[in-house]
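First up is the structure itself, then whatever we jot down about it.
Everything quoted here is computed from the prediction, not taken from an experiment. Below, each value reflects all heavy atoms present in this structure, side chains not excepted, and no hydrogens, waters or symmetry copies. To find a chain, count down the sequence lines: A is the first, B the second, and so on, and within it residues start at 1.
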Amino acid sequence: MAVMTYIDAINSALHEEMERDPNVFIIGEDVGKMGGAFKATKGLLEKFGAERVIDSPLAEGAIVSSSIGAAMAGMRPVPEIQFADFITPAMDAITQQAAKLRYRSAGTQTCPITVRVCYGGSVGGGLSHSQSLTSWFIHCPGLIVVAPSTPYDAKGMLKAAIRNDDPVMFFEHKKLYRSLKEEVPKEDYTVPLLKAEVRRKGTDLTAISYGYTLQLTMQAAEAVKEKYGIDVEVVDLRTLAPLDTDAFLNSVAKTSRAVIVHEDNRTLGIGAEVSAVIAEQAFDCLEAPILRVTAPDVPLLPAAAELERFCTISVEKIVDAFERTMEH
Amino acid sequence: MAVMTYIDAINSALHEEMERDPNVFIIGEDVGKMGGAFKATKGLLEKFGAERVIDSPLAEGAIVSSSIGAAMAGMRPVPEIQFADFITPAMDAITQQAAKLRYRSAGTQTCPITVRVCYGGSVGGGLSHSQSLTSWFIHCPGLIVVAPSTPYDAKGMLKAAIRNDDPVMFFEHKKLYRSLKEEVPKEDYTVPLLKAEVRRKGTDLTAISYGYTLQLTMQAAEAVKEKYGIDVEVVDLRTLAPLDTDAFLNSVAKTSRAVIVHEDNRTLGIGAEVSAVIAEQAFDCLEAPILRVTAPDVPLLPAAAELERFCTISVEKIVDAFERTMEH
Amino acid sequence: MTTTQDLIGTGALQPGTDSSGKDLDSALLRRLYTYMLKCRTVEDRIRVLYRQGRFAGNYFNAIGQEATEVGATIDLLPEDTVAPSHRNFVAHIMKGTPLPLMFAHIYGRKDSPDQGRSAPAHCGYAPLNIITPSSTIAAQLNIGTGIALAHKMRRKPYVVVALSGEGSTSLGFWHEAVNFSAVHKLPMIFVVENNLYAESVPVALQTAVEDISVKAQAYGIPGITVDGNDVVAVYTAMREAIERARSGGGPTLLESKTYRWYGHSEIDPAKYRDSAEVEYWKSRDPIAAMERYLTERDLWTEQWKKELLADINREIDEAISFAERSPAPQAEEALDHVYSFSIRERELERKTYSPQYPRRQ
Amino acid sequence: MTTTQDLIGTGALQPGTDSSGKDLDSALLRRLYTYMLKCRTVEDRIRVLYRQGRFAGNYFNAIGQEATEVGATIDLLPEDTVAPSHRNFVAHIMKGTPLPLMFAHIYGRKDSPDQGRSAPAHCGYAPLNIITPSSTIAAQLNIGTGIALAHKMRRKPYVVVALSGEGSTSLGFWHEAVNFSAVHKLPMIFVVENNLYAESVPVALQTAVEDISVKAQAYGIPGITVDGNDVVAVYTAMREAIERARSGGGPTLLESKTYRWYGHSEIDPAKYRDSAEVEYWKSRDPIAAMERYLTERDLWTEQWKKELLADINREIDEAISFAERSPAPQAEEALDHVYSFSIRERELERKTYSPQYPRRQ
Ligand SMILES: Cc1ncc(C[n+]2csc(CCOP(=O)(O)OP(=O)(O)O)c2C)c(N)n1
Ligand SMILES: Cc1ncc(C[n+]2csc(CCOP(=O)(O)OP(=O)(O)O)c2C)c(N)n1
Ligand SMILES: [Mg+2]
Ligand SMILES: [Mg+2]
């Protein structure tokens with residue numbers, strides 16, 4: 001075991017997968033000499049050379065679509081999108097090409113790519129370095145959308161993604177990169193892509209989150225335990241599409257109450273889908289409204305600290321939702 | 001009054017708005033000499049000339065972003081996206097520029113554009129001429145997303161959109177273009193952009209839809225009335241963002257039951273948001289699970305008739321959901 | 001960097017000085033002709049089938065552009081990739097996709113390479129490396145670029161031929177693909193079929209330049225304009241570009257100036273063009289031009305053409321009857337091939353959860 | 001179409017034959033210099049403030065590129081638009097945005113033109129037609145194109161100066177903007193500041209061509225490369241391009257070859273460049289070069305520079321103290337300016353509905 005940050009976990013997964021499989025390669029902006037804007041690809045250029053660690057032209061469309069083609073031809077590309085906010089030039093490549101290639105060729109042409117995307121706020125990034133934008137891809141069948149919340153999962157799921165035969169959108173929260181350390185095995189391991197995880201057992205209320213806000217949700221769970229003795233079960237979605245609905249439905253069937261927490265905008269954030277699934281499939285279990293703790297529906301995130309704070313999730317906001325749900 | 005198809009309603013709204021305001025202009029692929037792929041812009045080039053009816057280069061990004069700039073400079077552009085399926089090149093222009101310009105300039109720079117988008121399936125269009133893709137824009141604060149379901153609304157809302165100071169995504173369902181006729185006033189009128197409409201009064205169940213499936217939902221309502229005497233209240237969302245939540249919440253408060261119908265994919269289609277809003281704000285009113293009648297989560301729409309039919313909404317599928325809801 | 005060629009004298013362009021086409025042997029010249037005739041005949045038939053309502057959707061024929069279609073895709077290796085646009089269904093003929101599968105595709109049947117999923121003109125074929133295209137203009141160029149990247153990484157001598165229309169050059173995707181290929185010296189040939197219109201929009205509204213091939217200069221790669229109705233010219237220019245690509249010399253932009261005789265698609269009456277223009281281009285029929293060229297060399301007779309047509313039509317008849325016998329896909333197959341794993345259970349059997357714990361007050 | 005110029009002899013390029021810059025009068029030459037000095041001084045100060053932790057976020061300075069910043073944006077009309085990238089904060093100085101507002105922006109305060117919303121380097125100013133940019137590379141070019149379209153439609157003699165780096169030329173957006181402008185002969189000047197790097201990526205990985213200006217040929221517009229450290233060269237080339245644009249002659253692509261002295265942003269140590277390269281370019285300081293040029297013409301003294309700096313620093317001090325006194329925005333203002341109507345009520349007061357009808361069994 002080794003204690004690792006989230007970014008180290010990503011970095012070591014990339015090192016190991018590139019060693020394991022000569023078909024794995026990296027492409028993106030600044031991934032080579034600079035080792036990535038956040039150093040996720042540090043040391044790869046030195047070890048594997050410029051042919052497998054490609055500093056691409058400034059064109060996210062080309063980064064993803066050249067990966068798609070290379071994958072069709074048998075490679076295992078791991079393209080990087082420096083910030084989710086800049087993923088728009090790759091929208092066609094991701095949603096119309098990668099997501100649909102298998103379907104439109106009836107499985108005869110496929111593109112196993114793992115698009116690493118750095119996302120999320122609460123780091124003072126302002127309007128163009130804070131967005132999530134996961135919803136666009138969750139709404140797109142054919143894509144697996146992953147968003148791990150711990151170093152252990154980050155490493156294990158990244159490896160699983162690279163080995164998986166579907167296009168995977170792999171969302172890494174920039175606030176988690178260096179704010180969290182955890183023991184991670186030295187041996188090769190993977191974490192299954194399609195399973196949510198119960199992070200905390202509880203009986204009174206189900207809290208559902210992922211990514212950075214999962215950490216805040218865990219803190220809020222401890223807070224209401226201490227304050228009121230309320231026992232919150234916390235489900236980490238881990239993968240946002242396809243959703244592991246059984247995981248949170250089982251929990252809600254037990255607790256009868258659900259609160260969903262995410263930092264993305266409220267309208268059609270993943271919370272909407274989770275809530276709708278519960279309202280459809282576990283309605284009889286429910287004893288309280290399903291609450292969502294989310295950003296308001298404004299562009300995320302305004303730069304000034306006061307404005308950013310208003311829009312981001314805090315432990316207090318989650319605790320407040322827990323309280324309201326229990327009071328119902 | 002004149003009896004008009006949906007496409008005629010669009011066309012006459014454009015004629016009238018261009019006459020009314022010299023700042024209104026059209027830009028898009030084939031909008032000029034050809035009068036648009038579906039003839040929405042017929043006769044405009046002849047009447048207003050090539051400077052106000054611009055056959056643009058094949059570049060949706062340029063179509064929308066040049067509209068943004070022109071709008072900033074005081075014009076009222078009405079860009080056309082020939083098929084929603086081809087909106088990807090304009091993703092940045094729409095979501096990062098148009099949607100956020102007002103916000104990021106604190107209201108000092110704005111872009112009143114009306115992006116007309118032809119969307120929807122059930123016409124044998126196959127995988128690239130059938131998509132909805134409204135969710136991407138519903139999830140993007142700063143945009144108004146409109147999807148009228150009748151000729152009357154199409155005309156009145158298009159005029160309202162052009163006169164509105166926000167960027168409006170105006171989704172026109174291609175199946176409605178010629179399948180529906182209705183009396184439309186000869187005089188100038190507008191339909192407010194932010195209000196849903198109760199299309200059918202009822203007491204037993206609230207059905208919520210928009211666009212082409214609104215018509216199917218109305219038929220299904222008649223069918224269950226005849227068959228079982230069930231009285232369905234049908235709410236036409238008309239505008240998908242920002243949602244007129246009061247309209248459907250009021251109805252659900254009355255009926256205690258909700259079924260949402262849309263042709264888009266299930267996961268994070270607008271039904272998810274509507275359901276989540278109900279589950280949060282009208283929970284105590286509910287007596288049955290909130291059902292969604294939607295396409296499955298597969299790329300929409302496969303071309304072969306059998307496959308297409310499997311994925312599209314039918315009156316039977318809606319009736320089935322009504323029955324299941326009432327049985328609960 | 002830009003040159004123009006006119007080898008067989010269709011009258012389209014100034015006669016070029018390049019005589020590299022002069023060395024083509026008789027068998028090859030006759031094959032070029034035969035393929036053009038086959039393309040034309042197949043598409044004429046598809047048009048008839050459409051008018052008879054025997055398949056649904058739409059189709060984008062390349063009638064009038066056969067010299068380009070054939071010259072650009074003939075004699076590729078099976079491992080070479082073709083990245084087609086909506087107008088390149090006939091590329092399958094040169095690549096070697098069995099005609100029955102092609103017609104099963106048109107009909108949206110189970111035996112189609114995609115089992116009825118894509119629209120009629122959007123057809124791929126994995127065994128021969130033809131990308132199953134989407135409609136998004138120019139998207140296939142970018143995917144093709146990635147395939148070329150893989151060939152380069154793996155030191156394989158295979159090339160990618162990416163086809164698109166002049167309208168595609170306005171899109172950012174086109175630019176990103178060509179630029180990326182140029183920076184990485186990828187084995188790509190970008191064939192731009194300049195048929196003067198993108199749907200109804202004339203080329204003068206797409207770009208301010210006369211020859212699309214000058215755009216190559218922006219990327220530092222060779223650009224060439226050929227008479228796209230001259231199959232020998234197209235073939236010869238392609239041969240050079242393919243050799244360059246295969247031997248590590250990087251991409252080429254090849255503009256082929258041609259014309260589509262009919263509308264953009266089967267539902268387009270093409271009223272935006274004037275008939276004199278259409279007639280002019282019909283008088284420059286690439287097939288008739290090649291017939292004259294072959295006749296001068298004693299390589300063509302009416303009789304031979306009749307025999308060819310008979311063979312082609314027999315093959316088409318068989319292909320159609322195969323397609324018509326091919327079953328329609330089953331409704332629930334719509335749920336297949338979304339992922340590498342099945343979603344049938346997920347979509348068809350949604351569980352309902354009931355309370356397992358006593359309700360509280 | 002492409003020419004290179006080197007008028008004041010920074011040594012960057014081959015001396016050009018163009019002598020159009022020779023006619024600039026003394027007052028203008030001194031203004032060019034003064035503005036460069038002001039840009040440098042303002043950005044040096046911003047760097048200090050950042051290091052002191054007095055504002056949050058990040059900043060992208062253009063130190064070393066002042067000749068381009070000044071030459072490209074000086075003497076525009078208030079109605080002319082500047083479409084800035086992340087590296088063109090100082091364009092505000094030439095356009096005339098009051099310095100206190102600029103610093104209020106850096107600090108994210110209520111008096112910022114955007115009341116604290118955008119990141120420090122992304123600043124717009126509506127009264128002087130400076131677009132509030134997003135970070136998306138090249139997006140401002142496309143918006144600028146639309147503004148130019150409006151000017152053309154309204155027969156207004158205003159131009160749009162769009163600034164971007166050489167990295168931006170790889171993006172489809174860049175291509176779409178330049179192509180559209182060329183087709184419609186819009187009054188645009190695309191200034192590409194080729195500072196050899198896009199973040200860490202050298203220009204050779206962006207494009208296979210040597211001079212970005214050759215890309216103009218793909219669009220049929222004039223392309224010119226100037227020594228971007230030579231403010232007279234930049235100014236002269238811009239003057240010609242602006243005149244052409246203003247008089248209906250359409251767009252120009254102007255490549256300005258220059259170099260940023262420091263990292264991509266305040267958090268980038270720029271270890272990907274070697275120090276010899278950095279030193280070489282520092283020796284070609286555009287400000288020092290202009291000092292030599294002015295000295296030769298008896299237009300510059302140490303004393304004058306001192307006075308200038310004193311004035312500039314006083315202005316900066318005042319601007320900073322204004323910014324520091326400016327209030328922070330109120331938290332709930334985060335809900336404002338999303339639409340033309342308020343969403344405060346919607347977001348802050350979510351109603352709860354209760355059953356109004358008796359429940360049924
Ligand atoms: C991104 C995108 N926008 C619009 C369309 C609709 N469309 C299909 S073909 C076409 C014209 C293509 O013109 P060109 O590239 O010249 O090819 P041609 O049809 O002439 O062969 C258009 C606009 C599309 N398929 N993709
Ligand atoms: C679409 C997009 N992709 C990536 C980025 C991240 N990014 C910001 S600046 C930059 C480099 C820009 O290089 P260049 O255009 O040469 O401008 P310079 O910074 O050298 O002035 C990158 C990659 C972005 N802002 N937008
Ligand atoms: Mg064309
Ligand atoms: Mg640069």
Among D:Ser170, D:Ala138, D:Ala56, which residue has the highest count of heavy-atom pairs closer than 4.5 Å to chain A? D:Ser170

Does the side chain of A:Phe310 come within less than 4.5 Å of D:Leu335's, by heavy atoms? yes

Are more than 12 heavy atoms from other residues, nucleotides or ligands located less than 6.0 Å from atom CD of D:Glu347? yes

Crowded around D:Glu279 CD? As in, over 12 foreign heavy atoms under 6.0 Å? yes

When only pairs under 4.5 Å are counted, which of A:Gly124, A:Ala59, A:Pro299 shares the most heavy-atom pairs with chain D? A:Ala59

Just give me the residue among A:Arg309, A:Glu308, A:Arg266, A:His129 that pairs up with chain D most often, heavy atom to heavy atom, under 4.5 Å. A:Arg266

Just how far is it from atom OG of D:Ser168 to atom CG of A:Leu58, taken to the nearest 0.5 Å? 8.0 Å

Nearest 0.5 Å, please: how far is OH in D:Tyr197 from NZ in A:Lys33? 6.0 Å

Heavy-atom distance under 4.5 Å to chain A: side chain of D:Phe173, backbone, both or neither? side chain

A:Asp85 vs D:Thr136 side-chain heavy atoms within contact, under 4.5 Å: no

Looking only at D:Ser135, D:Ala119, D:Gly108, the option with the highest number of non-hydrogen pairs under 4.5 Å against chain A is D:Ser135

Which region of D:Gln330, side chain (C-beta onward) or backbone (N, CA, C, O), has a non-hydrogen atom less than 4.5 Å from a non-hydrogen atom of chain A, or is it both or neither? backbone

Relative to chain A, which segment of D:Arg350 carries a heavy atom at a distance below 4.5 Å: side chain, backbone, both, or neither? side chain

Take a 6.0 Å sphere around CD of A:Glu323 and say whether it holds more than 12 heavy atoms from other residues, nucleotides or ligands. yes

For D:Ile267, which atoms come within 4.5 Å of any heavy atom of chain A: side chain, backbone, both, or neither? neither

Please report the shortest heavy-atom distance between A:Val298 and D:Ala334, naming the atom on each side. CG1-O, 3.5 Å

CG (A:Leu127) and CZ (D:Arg117) are apart, to the nearest 0.5 Å, by 8.5 Å

Got A:Glu60 and D:Leu171 here, is their nearest side-chain heavy-atom distance under 4.5 Å? yes

To check you understand the geometry: which heavy-atom pair defines the closest contact between A:Asp30 and D:Ala198, and what is its length? OD1-O, 3.5 Å

Any heavy-atom pair between the side chains of D:Glu199 and A:Glu29 that's under 4.5 Å? no

Heavy atoms of A:Asp297 and D:Ile343 approach each other most closely as O-CD1, 3.7 Å

Other residues, nucleotides and ligands only: do more than 12 of their heavy atoms fall within 6.0 Å of NZ on A:Lys39? yes

Contact winner vs chain A - D:Lys271, D:Glu333, D:Glu332, heavy-atom pairs under 4.5 Å: D:Glu332

In terms of heavy-atom contacts, D:Ala328 and A:Glu306 come closest through CB-OE2, 3.2 Å

Using a 4.5 angstrom heavy-atom cutoff, name the option from A:Pro57, A:Pro302, A:Pro289 with the most pairs to chain D. A:Pro57

